[in-house]
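Indexing begins at 1, ligand by ligand and atom by atom, following the structure's order.
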Amino acid sequence: MPKPKLFIPGPVDISPTTYEAMCSPIIGHRGKDFETLYASIQPGLQKIAGTERPVFLSTSSAWGVMEGAIRNLVQKKVLNLCCGAFSDKWFDVSLRCGKEAEKIQAEWGQPIDPDLVRAKLREGGFDTVTLVHNETSTGVLNPLSDIATVVKEFDDVLLVVDTVSSFSALPIPTDEIGVDVLLAGVQKAMALPPGLSVFVVSERALQRAETTHDRGYYFDFLEFEKNHKKDNTPSTPSISLLYALESMVASIMEEGLEKRFQRHSETNAQVHKWVKENGFELFAPDGFRSKTLTAVANNRDIDVPAFIKAVRERHNFLINGGYGKIKGKTFRISNMGNETTLTMDDLLCALSEVLPEFT
Ligand SMILES: *Cc1c(COP(=O)(O)O)cnc(C)c1O
């Protein structure tokens, strides 16, 4: 059985160009060739990340940096903004790191309300806020700029934002709106194999880290800063993934960010159209819908696992049957990465062909 083409919301389908890039010979990471590779990726990454700050490279999945942000920055208390599997989990991770933490809990499928964030921060005692920009489990896109504006009203409160499933698919003006830590794993919106994360740390977040105890070593932001000055990483990075990243950043620059954003809007709209034409509803509310994936509400009450299995067996495409407590009540279709209106058409035709047997 050939492996199915992935339309799950991460990891996503990898291009042959990326696989080829990963076969470049391994080089030592404490040498000129590596420094050249590292430095060459920076300008493109900075454009994608909307920043003039360095973009650090962590050989870990996103959770490494998500946990690292907590360990580097939280001295008093963190406010975790929760509205789905990943953002909810971040609250749990804060506690596991031994930090004082509180959360705002939105219902799964709903976005975070900036007014509630303001009200909570006014209670005082917080020094860090975490937000998941695009909640991959529910297909909700949170109002990042509005929340950043609220957090800015409070001195000494740092904003940490997970953009794992939105990075490079829509504009993220990190410096302009004042995000203190922006992070993304590369296996979702960036369409690379898993194992690497990129992140940006503001000057004031680095200053905070300097006085935070128990930062550990592997995710110590100050180590990343120190090594970045030599175009390097604290520990041996996944060099093959850096080659993949170099190739992907070059191809994103070649396509152009505006065009890439537009392509995601178009392919996303195509999925929404299919959803409506087939009598399903969108799980996320209007105005807060992800551009990179669609969480479809299973209002027709189909047998989701059987549907997905049939699509896979007959067309070799894989979509996802819902995450965590909304498994089966939703299913998810990704349009992240390299997908085009043509490749999405292939998938949607396959779904249309199989669906009648399940309704
Ligand atoms: C997938 C995902 C994560 C977790 O990423 P890992 O690579 O498993 O560490 C975190 N946040 C969001 C929004 C995600 O989609």
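- Atom 1 (C) of ligand 1 has as its closest protein heavy atom K188 NZ, 1.3 Å.
- Within ligand 1, counting atoms from 1 as listed, the ones closer than 4.0 Å to a heavy atom of N134 are 13 (C).
- Salt-bridge annotation for R263 and E266: absent, with no side-chain N of the basic residue lying under 4.0 Å from a carboxylate O of the acidic one.
- Protein heavy atom closest to atom 15 (O) of ligand 1, with residue, atom name and distance, is T136 OG1, 2.4 Å.
- Heavy atoms of G185 stay at 4.0 angstrom or farther from ligand 1.
- Considering backbone and side-chain N/O of S61, one or more are found under 3.5 Å from N/O of ligand 1.
- Ligand 1 lies nowhere less than 4.0 angstrom from a heavy atom belonging to E135.
- Near V132, meaning under 4.0 Å from one of its heavy atoms, ligand 1 places the atoms 13 (C).
- At most 12 heavy atoms of other shown residues, nucleotides or ligands fall within 6.0 angstrom of atom OH in Y323.
- A heavy-atom separation below 4.0 Å is not found between T163 and ligand 1.
- Between D162 and ligand 1, a contact under 3.5 Å exists for at least one N or O pair.
- A donor-acceptor pair is defined here as one N or O able to donate and one able to accept, closer than 3.5 Å; no such pair exists between the side chain of R204 and the backbone of D180.
- For the pair K188 and F86, the cation-pi criterion (under 6.0 Å, within 45° of the ring axis) is fulfilled.
- Between the S197 side chain and the A62 main chain, a donor and an acceptor come within less than 3.5 Å of each other.
- When non-hydrogen atoms are compared, ligand 1 lies under 4.0 Å from neither the backbone nor the side chain of H133.
- Under 4.0 angstrom from ligand 1, the non-hydrogen atoms of F86 all belong to its side chain.
- Some N or O of A62 is nearer than 3.5 Å to an N or O of ligand 1, by distance alone.
- Residue T136 is tested with S290, S87, S165 for a side chain to side chain donor-acceptor pair (under 3.5 Å); the sole match is S165.
- In this structure, the protein non-hydrogen atom closest to atom 7 (O) of ligand 1 is Q187 NE2, 2.6 Å.
- For K99 (side chain) and V74 (main-chain N/O), a donor-acceptor pair under 3.5 Å exists by modelled atom type.
- Relative to the ring axis of F317, R312 does not place its NZ or CZ within 45° and under 6.0 Å from the centre.
- With hydrogens and angles ignored, the 3.5 Å screen pairs a side-chain donor or acceptor of T174 with a backbone N or O of A49.
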